[in-house]
Amino acid sequence: MAFFTHHVCRALSSSAVRNVVIKHVTIIGGGQMGAGIAQVAASTGHSVTLVDTNTDILKAAVKGIEGNLKRMVKKKFADKPEAGEEFIQKALQNVSTSTDAGSVVQGSDLVLEAIVENLKVKQDLFSGLDKLAPAHTIFASNTSSLSITDIASSTNRLDRFGGLHFFNPVPLMRLVEVIATSATSQETFDSLMNFSKMLGKTSVSCKDTPGFIVNRLLLPYIMEAFRMYERGDGSKEDIDVAMKLGCGYPMGPFELSDYVGLDTMKFIMDGWSADNPDNPIFAQSEMLNKMIAEGKLGKKTGEGFYKYK
């Protein structure tokens with residue numbers, strides 16, 4: 001009976017999102033990722049509400065979006081300055097801000113979070129919003145390392161929950177990983193894929209596995225570069241040059257680590273290691289731990305594997 005009830009309820013709830021076109025988007029988190037997603041969505045004609053608990057963060061986000069748009073139109077509308085200004089104003093008109101997520105999700109087709117990489121914080125957020133959002137509203141997370149299934153478990157809309165993993169900086173990076181759990185309905189997945197397409201992005205389909213596609217391949221590659229350096233197999237400079245010139249990568253693994261943030265990388269790898277303690281791919285790097293303990297986190301602190309002014 002429970003099995004029958006579950007599938008009937010899922011069929012009924014799935015029908016609520018069938019053929020939904022995402023027009024109204026609520027983005028939770030006014031940091032770099034949230035603001036970047038908001039900019040792209042607003043630029044492609046979507047109505048966007050950017051939500052954060054801090055009004056100063058929201059003001060900085062809108063100011064940053066306006067500045068980014070101005071830089072973009074200088075190239076895109078070099079010969080048509082009036083059209084460029086019109087584009088900027090239309091995009092900005094599509095963006096509103098709020099500190100009250102509960103009030104704005106009631107008019108949303110999609111609620112996308114881009115907040116701290118903490119499972120409980122994300123679960124608490126979606127658990128509360130699940131009681132307020134309409135039945136058709138799709139929930140999605142921009143997490144780069146946590147399980148979408150685990151995040152979604154705090155809600156009663158498992159079939160209307162998926163992942164949308166954007167890359168930084170969002171306006172420039174073309175890829176979006178669209179993640180479906182075992183419970184995500186085909187209608188929800190199609191809506192998320194179509195939304196990504198409307199943003200002008202290239203989408204790839206991912207299963208709900210650690211790191212999805214990009215990070216699952218990228219982070220072990222970087223960790224192996226650390227181990228090579230620790231063993232003395234090559235200097236960090238030579239390893240970076242080799243990967244740039246030999247593989248055509250824009251940055252070597254040590255440059256990229258400094259850009260991403262060594263603490264961010266450790267946080268992700270620690271989580272994977274805890275879930276897969278016997279997998280040597282996720283093993284700790286003592287060098288990385290030491291650098292973090294010394295406050296050398298990369299570009300954001302002025303020093304990581306390299307020094308920055």
Side-chain angles (χ1 to χ4, degrees), residues 29-36 52-54 56-57 60-61 64 113-122 141-147 150 165-170 172-173 210-212 214-247 249-309:
Q32 191 171 17
M33 290 301 296
D52 201 287
T53 56
N54 188 316
D56 290 337
I57 289 177
E113 68 82 13
I115 60 175
V116 62
E117 283 287 85
N118 181 294
L119 179 59
K120 187 178 186 308
V121 173
K122 292 180 189 291
S141 172
N142 182 58
T143 181
S144 60
S145 62
L146 300 175
S147 164
D150 289 347
H165 182 214
F166 291 81
F167 293 81
N168 189 32
V170 179
L172 299 180
M173 299 296 280
F212 315 129
V214 173
N215 283 339
R216 179 60 180 81
L217 294 173
L218 180 63
L219 267 70
Y221 145 73
I222 292 175
M223 293 299 291
E224 184 58 24
F226 292 175
R227 296 183 188 108
M228 289 184 69
Y229 182 40
E230 288 176 301
R231 292 192 301 264
D233 295 343
S235 69
K236 61 180 182 293
E237 293 84 1
D238 284 346
I239 294 172
D240 275 348
V241 170
M243 295 311 296
K244 286 190 288 186
L245 300 186
C247 293
Y249 292 173
M251 283 189 266
F254 296 95
E255 292 174 302
L256 182 57
S257 298
D258 280 354
Y259 179 79
V260 172
L262 304 189
D263 55 335
T264 300
M265 293 188 52
K266 176 175 168 55
F267 177 84
I268 295 172
M269 293 304 295
D270 284 353
W272 293 354
S273 179
D275 292 338
N276 304 272
D278 299 325
N279 192 332
I281 291 177
F282 303 135
Q284 295 271 328
S285 164
E286 291 304 321
M287 175 186 64
L288 178 63
N289 293 341
K290 182 175 182 293
M291 292 178 67
I292 292 173
E294 294 172 349
K296 299 175 182 178
L297 308 183
K299 291 191 73 172
K300 60 187 175 185
T301 60
E303 184 177 358
F305 286 104
Y306 300 101
K307 292 185 177 180
Y308 305 88
K309 294 182 179 180

Spatial distance of atom CE (M291) from atom CG (D263) [nearest 0.5 Å]: 11.0 Å
When rounded to the nearest 0.5 angstrom, what distance separates CG in L218 from OH in Y249? 8.5 Å
Between A61 and G30, what is the shortest heavy-atom contact and its length? CB-O, 3.6 Å
So, does D258 use its side chain to make a donor-acceptor pair with the main chain of Y306 at under 3.5 Å? yes
Lys/Arg-Asp/Glu bridge criterion (N-O < 4.0 Å) met for E286, K290: no
Between I292 and L262, which heavy-atom pair has the shortest distance, and what is it? CD1-O, 3.5 Å
Between H165 and F167, how do the two ring planes meet: parallel, tilted or perpendicular, split at 30° and 60°? tilted
Neighbour count >12 (heavy atoms, 6.0 Å) for atom CD, Q32: no
Okay, side chain of N142, backbone of G34: is any donor-acceptor separation there less than 3.5 Å? no
Taking the side chain from E294 and the backbone from K296, do they hold a donor-acceptor pair closer than 3.5 Å? no
Look only at the side chain of E117 and the backbone of I268, and say whether a donor-acceptor pair between them is shorter than 3.5 Å. no
Heavy-atom pair of closest approach, residues M223 and S285: CE-CB, 3.8 Å
Over all atoms of both residues, closest heavy-atom pair of L119 and L146: N-CD1, 3.7 Å
For the student: nearest non-hydrogen atoms of I239 and A225, plus distance: CD1-O, 4.0 Å
Under the side-chain contact (heavy atoms from CB on, under 4.5 Å) criterion, do T264 and K300 qualify, and how do the steps go? CA-CA 11 Å; T264 300; K300 60 187 175 185; 4.0 Å; yes
Once you round to the nearest 0.5 Å, how far does OG1 of T143 lie from CE of M33? 10.5 Å
Do E224 and R227 sit within salt-bridge range, that is, some charged N less than 4.0 Å from a carboxylate O? yes
Run M251 and M243 through side-chain contact (heavy atoms from CB on, under 4.5 Å) and show every step you take. CA-CA 8 Å; M251 283 189 266; M243 295 311 296; over 6 Å; no
Atom pair CG (N289) and CG (D270), whose distance is rounded to the nearest 0.5 Å: 7.0 Å
Do any N or O atoms from the side chain of E113 and from the backbone of K122 form a donor-acceptor pair under 3.5 angstrom? no
Is E255 paired with K236 through a side-chain N to carboxylate O contact shorter than 4.0 Å? no
Between W272 and S145 the two heavy atoms that sit nearest each other are NE1-O, 3.5 Å
Please report the interatomic distance CG(L219) to CD1(I281), rounded to the nearest 0.5 Å. 11.5 Å
Parallel, tilted or perpendicular, judged at 30° and 60°: which one describes the rings of F254 and Y229? perpendicular
